[in-house]
Amino acid sequence: MPRKPRIYLKTNFFHVINQGVNREYIFNNDINKKQYIKLLFDNKDKYDIDIISFAIMDNHFHLLIYAEKIEELSQYMKKVNGVYALMYNKTNNRVGPVFRERFKSQPIYDERYLFQCILYIHRNPIKAGITSNLDEYEFASTTQYSLKKVTKILNKNIIIMEENE
């Protein structure tokens, strides 16, 4: 039976989450985390999405993504996770699924929840006990926010909302 398409109305912001199959540490070293981040950014312009925030943990990831169309988000995640799974399996001499299931996407409908989601994603490494200083965790978008840099990560609409706060 085919999967039902993701349908969300009146939002372009999504909290995207996925985990390793059997909760395996699929991002078990810095190289794997860097490869996944590279895949995220190498493919984002091909699918007309913006990455607002991210945190790549040892066995899962959190992304906050702006997508003009939900179909673009689905195709983007399919590409990124598919390529990563092929690389991971080849590197680790294994076969089979790498991710637990199809990615989860939580729609975000208001500005308050949007900023709560950014904070939640950025605090994830502290919650997991990986770091006590967010500025030191290089596998999350925290440094771009804390240093107030305007980078390719941030959507210009988010920057405008931050400036008006």
Side-chain angles (χ1 to χ4, degrees), residues 3 5-6 8 11-108 114 117-118 120-125 127-128 130-131 134-147 149-159:
R3 292 180 177 163
R6 297 172 192 268
Y8 297 109
T11 188
N12 299 100
F13 294 95
F14 301 92
H15 180 191
V16 177
I17 310 157
N18 210 340
Q19 185 179 57
V21 67
N22 297 321
R23 297 184 178 161
E24 287 178 20
Y25 282 32
I26 58 171
F27 305 110
N28 56 354
N29 59 51
D30 291 358
I31 293 170
N32 287 354
K33 289 178 182 96
K34 287 177 184 176
Q35 284 178 326
Y36 193 77
I37 291 168
K38 183 174 178 359
L39 284 170
L40 289 172
F41 286 99
D42 285 353
N43 287 283
K44 74 181 201 63
D45 292 333
K46 297 173 191 170
Y47 294 96
D48 196 24
I49 62 101
D50 284 309
I51 301 168
I52 307 305
S53 64
F54 67 89
I56 311 303
M57 310 299 286
D58 290 341
N59 74 338
H60 69 285
F61 65 79
H62 292 270
L63 308 171
L64 179 56
I65 292 183
Y66 175 89
E68 281 294 325
K69 298 178 182 172
I70 190 68
E71 299 83 12
E72 291 288 313
L73 174 63
S74 294
Q75 291 300 315
Y76 170 73
M77 292 308 303
K78 179 180 178 182
K79 175 71 172 184
V80 169
N81 288 348
V83 171
Y84 183 78
L86 290 171
M87 290 176 8
Y88 182 82
N89 279 342
K90 184 174 182 177
T91 302
N92 292 284
N93 196 28
R94 68 185 292 280
V95 296
V98 172
F99 292 97
R100 184 176 185 178
E101 57 197 356
R102 179 169 67 158
F103 71 95
K104 294 179 182 172
S105 60
Q106 178 69 37
I108 298 174
L114 178 72
C117 186
I118 292 168
Y120 175 81
I121 291 170
H122 285 169
R123 291 178 179 157
N124 213 259
K127 181 181 173 189
I130 294 172
T131 187
L134 293 177
D135 290 338
E136 294 175 359
Y137 191 68
E138 66 179 296
F139 309 110
S141 54
T142 353
T143 55
Q144 284 81 15
Y145 280 82
S146 63
L147 298 175
K149 291 181 181 176
V150 178
T151 69
K152 64 181 178 179
I153 295 171
L154 303 176
N155 177 296
K156 64 183 176 186
N157 295 322
I158 297 298
I159 295 167

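In this chain, numbering begins with 1 at the start of the sequence shown.
Side-chain atoms of L73 and I65, non-hydrogen and from C-beta on, do get closer than 4.5 Å to each other. Contact check for K44 versus D50: side-chain heavy atoms found under the 4.5 Å cut-off. At a threshold of 4.5 Å between non-hydrogen side-chain atoms, the residues F103 and S74 count as touching. Contact of the I17 side chain with the F61 side chain is not registered, since no non-hydrogen atoms from C-beta on lie closer than 4.5 Å. Residues N18 and N81 are in side-chain contact: their nearest non-hydrogen atoms beyond the backbone lie under 4.5 Å apart. A 4.5 Å side-chain heavy-atom check between Q75 and K79 finds every atom pair outside the cut-off.
The minimum heavy-atom distance linking K46 with E72 is given by the pair O-OE1, 4.3 Å. Minimum heavy-atom separation, S141 to S53: OG-CA, 3.1 Å. Shortest non-hydrogen contact noted between I130 and M57 is CD1-CE, 3.4 Å. Among all heavy-atom pairs drawn from N29 and I31, the shortest one is OD1-N, 3.0 Å.
Judged by distance alone, the side chain of N12 and the main-chain N or O of E68 form a donor-acceptor pair under 3.5 Å. Side-chain N or O atoms of T131 include none that pairs as donor or acceptor with a backbone N or O of P125 at under 3.5 Å. Under a 3.5 Å cut-off, the side chain of N59 and the backbone N or O of G20 do not form any donor-acceptor pair. Proximity of a side-chain donor or acceptor of Y36 to a complementary backbone N or O of V80 within less than 3.5 Å is not detected.
A distance below 6.0 Å separates the ring centres of Y120 and H62.
Rounded to the nearest 0.5 Å, atoms NZ (K38) and CE (M87) are 9.0 Å apart. Atom CD of Q106 and atom CZ of F13 lie 15.0 Å apart (nearest 0.5 Å). Rounded to the nearest 0.5 Å, atoms CD1 (I49) and NZ (K69) are 14.5 Å apart. Rounding to the nearest 0.5 Å gives a distance of 6.5 Å between CG of L40 and CE of M77. I118 CD1 to I52 CD1: the interatomic distance, rounded to the nearest 0.5 Å, is 7.0 Å. Atom CD1 of I121 and atom CG of L64 lie 5.0 Å apart (nearest 0.5 Å).
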Subject >> Residues N124, H60; criterion side-chain contact (heavy atoms from CB on, under 4.5 Å); working and verdict >> reply: CA-CA 11 Å; N124 213 259; H60 69 285; 3.2 Å; yes
**OP:** Check the pair D42, L39 against side-chain contact (heavy atoms from CB on, under 4.5 Å), reporting the backbone distance first and the verdict last.
**Re:** CA-CA 5 Å; D42 285 353; L39 284 170; 5.7 Å; no
Original post:
Taking it one step at a time, do D48 and Y66 satisfy side chain to side chain donor-acceptor pair (under 3.5 Å)?
Top reply: CA-CA 9 Å; D48 196 24; Y66 175 89; over 6 Å; no
**OP:** In sequence, state the C-alpha distance, the side-chain angles, and the governing distance for L63 and F14, and then conclude on side-chain contact (heavy atoms from CB on, under 4.5 Å).
**Re:** CA-CA 8 Å; L63 308 171; F14 301 92; over 6 Å; no
**OP:** Go through V98 and N89 one step at a time and tell me if the side-chain contact (heavy atoms from CB on, under 4.5 Å) criterion holds.
**Re:** CA-CA 8 Å; V98 172; N89 279 342; 3.4 Å; yes
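Just one residue in the list F54, Y88, Y84 forms a ring pair (Phe, Tyr, Trp, His ring centres under 6.0 Å) with F27, and that residue is Y84.
Here salt bridge (Lys or Arg N to Asp or Glu O under 4.0 Å) pairs that include residues 82-97, with residues two or more places apart or in two chains, are E24-R94.
Side-chain polar atoms of H15 and S105 form no donor-acceptor pair below 3.5 angstrom.
Both tests pass for K33 against the ring of F139: distance under 6.0 Å to the centre and angle within 45° of the axis.
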